[in-house]
Amino acid sequence: MRGLWLAVAVISLGLAFIGAVLPGMPSTVFVLIAAWAAARSSPRFHAWLSKHRWFGPSLANWSDGRKVSRRAKWGASASMALCAVILYLTAFSPWLTGFAMLSMACVLAWLWSRPEPDTPKQSPGND
């Protein structure tokens, strides 16, 4: 089973990289799946993900109360909006387009309902 979980982790991370550049394809969910599978298969890979400069903060926020940063929320919103425009302009089926847009709206509603991580307070004199 350990090999299977490691394969899931590696494939999910690959899909996350694709999702980072392809509009409409999520990346965060695949990073979360990769971390989950890595925790079951490779402590070294899981540690690498947790300490990674791009993935680490999001994973830490998710672990700390299922929190999602405002930047991630805006990024997902922009990506889904771009995808919705592309679908609207190119799709052959209005029903399929409507269903996709409704699905994205539901995901965004859920995403924006997630709490945000606390912002660190600046100490006086650090302007």
Applying the 4.5 Å side-chain criterion to the ILVMFWY set and letting contacts propagate, would [X] and [Y] be lumped into a single cluster?
| X | Y | result |
| --- | --- | --- |
| L82 | L22 | no |
| L111 | V29 | no |
| L15 | V107 | no |
| V8 | F55 | no |
| V68 | M80 | yes |

Take F45 and L13, measure what side-chain contact (heavy atoms from CB on, under 4.5 Å) needs, and give me the verdict at the end.
-> CA-CA 11 Å; F45 187 36; L13 187 60; 3.8 Å; yes
Which distance, rounded to the nearest 0.5 Å, do you find between the [atom1] of [X] and the [atom2] of [Y]?
| X | Y | atom1 | atom2 | result |
| --- | --- | --- | --- | --- |
| S41 | M1 | OG | CE | 10.5 Å |
| W62 | R114 | CH2 | CZ | 6.0 Å |
| T28 | L59 | OG1 | CG | 9.0 Å |
| I11 | L6 | CD1 | CG | 9.5 Å |

Grab the two heavy atoms, one from [X] and one from [Y], that are nearest each other, plus how far apart they are.
| X | Y | answer |
| --- | --- | --- |
| S27 | A16 | CB-O, 3.2 Å |
| A38 | A9 | N-CB, 3.7 Å |
| R66 | P115 | O-CD, 3.8 Å |
| K67 | D118 | NZ-OD2, 4.5 Å |
| L87 | A100 | CD1-CB, 3.5 Å |

W112 versus S77, side-chain donor and acceptor atoms under 3.5 Å |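 The criterion, which ignores hydrogens and geometry beyond distance, is satisfied for W112 and S77.
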Does the side chain of L49 come within less than 4.5 Å of H52's, by heavy atoms?
->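 No. Closest side-chain heavy atoms not under 4.5 Å.
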Is the backbone N or O of F99 less than 3.5 Å from a side-chain atom of S103, with the two atoms forming a donor-acceptor pair by type?
-> yes
Side chain S113, main chain W110, donor-acceptor under 3.5 Å =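 Yes; judged by distance alone, with no hydrogens or angles, the pair exists.
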W95 atom CH2, neighbour heavy-atom count above 12 within 6.0 Å |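 No, the 6.0 Å shell around CH2 holds no more than 12 heavy atoms from other groups.
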For W48, does the CH2 atom sit with more than 12 other heavy atoms under 6.0 Å from it, leaving out its own atoms?
-> yes
